[in-house]
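Protein chains get the first letters and strands the later ones, always in sequence-line order, with residue 1 at the start of each.
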Protein chains: 2
Amino acid sequence: MTRQRAVVLEVIRSDMCHHTAEEIFHLARLRLPSISRATVYNNLRALEEERIIRRISGDGAADRYDNAYEPHGHIVCPECGAVKDFFMDGFAEALRRALGTEVDSYELKARVVCDRCKLHCVGS
Amino acid sequence: MTRQRAVVLEVIRSDMCHHTAEEIFHLARLRLPSISRATVYNNLRALEEERIIRRISGDGAADRYDNAYEPHGHIVCPECGAVKDFFMDGFAEALRRALGTEVDSYELKARVVCDRCKLHCVGS
DNA sequence: CCATAAATTTAGACAAATTCTAATATTTCT
DNA sequence: AGAAATATTAGAATTTGTCTAAATTTATGG
């Protein structure tokens, strides 16, 4: 666990947001100005492989990172890309049963325009 | 509905595969050699907005396109990116109930190593 | 403590996927 | 036909992410 990896992890855990790699890079530089973009990407990948964080694929835009590894659903705003967690009881089991096989992992993403964007959209 | 858009749609409907934009571009050129990559992308986006096809986000690799708009699950092989459809009875309704709101659309992706890749992986 | 090996970091080059631009061509409407 | 709107094209540009090679740090074993 190098200083750099610790900083990346701190940034991810510092708030409830699901940041992009680029955002994590900028936030990490506030704490460790010498850190490079490649190191951020390297550590994000390493942390994902160690099953400490999870990558949320970004539907065209940049991927985002979740401070929890446990799979769960995400509500994504199709306007601004903001992500919120959500949990659906018994879903993993239902999925396994529906497929009839073990599942490496899953991604469940519901697109719902967030309140902030809804306001903007109504006006325009 | 221009000739180009018709060709893009024909390609997508011509088989059960979930092709990438690049593959669609090459297949479309067999039918209409002058078609350009930008036109393929333009029409894929237009068709998606018209809710005629659906984009499946490609987890790092290129996105793929589904000839149906109706949301349903996808089984994605994390090794080779191959995509298969799957259906889970009552899922859309369960999702709406879990979220307590209407859902624009959803994406449900289960990562399962496909049979072909499983063979390769066992050997290596 | 030193030597060596192994892993990590860094900056920047590179690559893939997609979007943008500006000119041209086509379609649509009157 | 003429004007306005829309679509196409080729290639440039952008975004996101990976790769490379050199420098640095960390770990290991005498």
Side-chain angles (χ1 to χ4, degrees), chain A residues 1-12 17-50 52-66 76 78-83 107 109, chain B residues 1-12 17-50 52-66 76 78-83 107 109:
Chain A
M1 173 72 64
T2 62
R3 176 94 185 94
Q4 285 83 349
R5 173 168 313 187
V7 164
V8 167
L9 196 50
E10 273 169 46
V11 166
I12 292 174
C17 296
H18 300 77
H19 293 294
T20 64
E22 192 64 19
E23 288 163 1
I24 293 166
F25 171 54
H26 288 301
L27 292 167
R29 271 215 300 203
L30 299 179
R31 300 177 193 225
L32 185 57
S34 71
I35 198 171
S36 87
R37 204 182 305 269
T39 298
V40 170
Y41 276 101
N42 287 346
N43 281 305
L44 288 171
R45 184 164 20 167
L47 289 165
E48 195 196 0
E49 277 167 9
E50 291 165 27
I52 293 171
I53 64 174
R54 180 174 291 276
R55 176 160 46 149
I56 308 165
S57 79
D59 233 358
D63 290 351
R64 290 171 182 274
Y65 290 86
D66 193 316
V76 182
E79 301 294 329
C80 67
V83 174
E107 183 156 4
K109 212 159 28 179
Chain B
M1 174 74 61
T2 61
R3 176 94 185 94
Q4 285 83 350
R5 173 168 313 188
V7 165
V8 167
L9 196 49
E10 273 168 46
V11 167
I12 291 174
C17 296
H18 299 78
H19 292 294
T20 63
E22 191 65 19
E23 288 163 3
I24 293 167
F25 171 54
H26 288 300
L27 291 167
R29 271 214 299 204
L30 298 178
R31 300 177 193 224
L32 185 57
S34 71
I35 199 171
S36 87
R37 203 183 306 268
T39 299
V40 171
Y41 276 101
N42 287 345
N43 280 306
L44 288 172
R45 185 165 18 168
L47 289 165
E48 195 197 0
E49 278 167 9
E50 290 164 27
I52 293 172
I53 65 174
R54 180 174 291 277
R55 176 158 51 144
I56 307 166
S57 78
D59 232 1
D63 290 350
R64 290 171 181 275
Y65 290 86
D66 193 316
V76 182
E79 301 294 328
C80 69
V83 174
E107 181 155 5
K109 207 158 34 177

Contact letters for nucleotides 9-21 of chain D, in which S counts primed atoms plus P, OP1 and OP2 and B counts the base, heavy atoms under 4.0 Å: BBB----SBBB--

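The side-chain hydrogen bond (donor to acceptor under 3.5 Å, both in side chains) check on B/Arg29 picks up nothing, with sequence neighbours excluded. In this view, B/Thr20 satisfies the side-chain hydrogen bond (donor to acceptor under 3.5 Å, both in side chains) rule with no residue, not counting sequence neighbours. With sequence neighbours excluded, no residue forms a salt bridge (charged side-chain N to carboxylate O under 4.0 Å, His left out) with A/Arg3. Remark: B/Arg31 pairs with B/Val7, B/Glu10, B/Val11, B/Ser14 by the side-chain contact (heavy atoms from CB on, under 4.5 Å) rule, at least two apart or across chains. Partners of A/Ser36 by side-chain hydrogen bond (donor to acceptor under 3.5 Å, both in side chains), not counting sequence neighbours, listed by chain and number: A/Thr39. Every residue meeting the salt bridge (charged side-chain N to carboxylate O under 4.0 Å, His left out) condition with B/Glu50, not counting sequence neighbours, appears here in chain and number order: B/Arg5. The salt bridge (charged side-chain N to carboxylate O under 4.0 Å, His left out) test applied to B/Asp66 returns no partner, not counting sequence neighbours. Checked against side-chain hydrogen bond (donor to acceptor under 3.5 Å, both in side chains), B/Gln4 has no partners two or more places apart in sequence or in another chain. B/Val40 pairs by the side-chain contact (heavy atoms from CB on, under 4.5 Å) definition with B/Val8, B/Ile24, B/Phe25, B/Ile35, B/Leu44, not counting sequence neighbours.
In this structure, A/Asn43 places its CG atom 13 Å from P of D/dT26, rounding to the nearest Å. When rounded to the nearest whole Å, the span between CG of B/Leu9 and P of D/dA7 equals 15 Å.
The overall bend of the helix from C/dC1-D/dG30 to C/dT30-D/dA1, read as the angle between its terminal helix axes built from five base pairs each, is 30° when rounded to 10 degrees.
Of all heavy-atom pairs spanning A/Val83 and A/His18, the tightest one is O-ND1, 3.2 Å.
Taking the 5' to 3' direction, DNA chain C first and last meets chain A under 4.0 angstrom from a heavy atom at C/dT8 to C/dG12.
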